[in-house]
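Okay, so here's the structure we're looking at.
Predicted, not measured: the structure shown is a model, and the values here were computed from it. We number each residue from 1, following the sequence as shown. Whatever order the structure lists ligands and atoms in, that order sets their numbers, starting from 1.
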Amino acid sequence: MTIEILCAVPELLASPFEHSIMKRAQERGLLNIKTHNLRKWAINKHAQIDDYQYGGGAGMVMMCEPLANAIDELQLEGKFDEIIFVTPDGKRFEQKEANTLSLKNRVLIICGHYKGIDQRIRDLYVTQEISIGDYVLSGGELAAAVIIDAVGRLIPGVINDETSALTDSFQDNLLAPPVYSRPAEFRGLAVPPVLLTGDPKKVDAWRQDQALQRTKDRRPDLLTRE
Ligand code: ADE
């Protein structure tokens with residue numbers, strides 16, 4: 001899968017993909033992440049990519065031309081399956097969306113800054129608008145990093161233990177059960193005895209029950225979701 005990012009501050013994306021699972025995914029050729037600096041398509045030698053908004057008001061808007069020229073040029077190599085704009089007024093990003101995106105071939109993520117991007121780019125190019133939560137970040141880069149991490153780890157072969165991603169929180173609209181490692185007792189707290197029985201059926205039943213309890217306590221809304 002190839003994920004390309006079009007943004008004004010590519011430096012913000014230098015580190016998140018250079019470690020751990022995202023690094024391995026790229027080394028194995030399963031995930032290709034390309035960052036494009038929007039200033040390459042700036043309208044003048046001052047590297048301008050934003051301008052005042054029509055109608056007045058505080059805050060600059062990312063202009064049409066740099067974005068349109070960048071997307072057109074990137075699409076000369078082939079159409080994107082999705083062109084995503086990350087924005088607080090988009091649809092809330094959830095595990096289901098991560099699953100769907102992990103099946104695409106080539107995706108572009110556009111990151112906004114300031115007041116956002118000219119609406120005509122959203123009308124003409126964008127196929128999905130995604131928010132990572134009800135709060136406002138200073139730019140879309142970190143939101144893009146969150147989405148890419150959530151999607152990248154779902155690509156088959158990226159996580160060693162194939163079943164691991166399927167048992168994550170949210171995959172069945174359930175939170176994940178508690179997990180334990182050595183030692184069997186720590187500061188007076190023992191590992192639940194069922195986990196030491198070596199009986200996979202009992203362990204599975206316990207985990208299922210714990211996941212359900214945890215979801216009821218913390219996120220009852222998940223239990224009534226499709
Ligand atoms: N850009 C700024 N805030 C954002 C958010 N919450 N989600 C996605 N993109 C954003």
> Thinking salt bridges, do Lys201 and Asp199 make one under a 4.0 Å N-O criterion?
Replying inline: no
> ligand 1 and Val136, any nitrogen or oxygen pair closer than 3.5 angstrom?
Replying inline: no
> Relative to ligand 1, is Asp134 under 4.0 angstrom through side chain, backbone, both or neither, heavy atoms considered?
Replying inline: neither
>> Please list the nearest protein heavy atom to atom 6 (N) of ligand 1 with its residue and the distance rounded to 0.1 Å.
In response: Tyr135 O, 2.7 Å
>> Is Ile130 close enough to touch ligand 1? Criterion: a residue heavy atom under 4.0 Å from a ligand atom.
In response: yes
> When only distance counts, is Ile132 in polar contact with ligand 1, meaning an N/O pair under 3.5 Å?
Replying inline: yes
> How close does the nearest protein non-hydrogen atom get to atom 3 (N) of ligand 1, and which residue and atom is it?
Replying inline: Leu137 N, 2.9 Å
>> Parallel, tilted or perpendicular, judged at 30° and 60°: which one describes the rings of Trp206 and Tyr180?
In response: tilted
> Which one of Asp221, Thr215, Asp217 satisfies the side chain to side chain donor-acceptor pair (under 3.5 Å) criterion with Arg219?
Replying inline: Asp221
> For ligand 1, which atoms, with element, lie under 4.0 Å from some heavy atom of Ser131?
Replying inline: 6 (N), 7 (N), 8 (C)
> Of the listed options (Gly116, Cys111, Ala143), which comes nearest to atom 8 (C) of ligand 1 when hydrogens are ignored and any heavy atom counts?
Replying inline: Ala143
> Just checking, is any N or O donor in the side chain of Asp118 or Tyr54 under 3.5 Å from an acceptor N or O on the other one?
Replying inline: no
>> If hydrophobic clusters are built from ILVMFWY residues whose side chains come within less than 4.5 Å, do Ile155 and Ile84 share one?
In response: yes
> Got Met62 and Ile110 here, is their nearest side-chain heavy-atom distance under 4.5 Å?
Replying inline: no
> atom 1 (N) of ligand 1: which of Ser138, Gly133, Pro88 has the nearest heavy atom?
Replying inline: Pro88
>> Is there a continuous path of hydrophobic side-chain contacts, each under 4.5 Å between heavy atoms, that joins Leu103 to Leu101?
In response: no
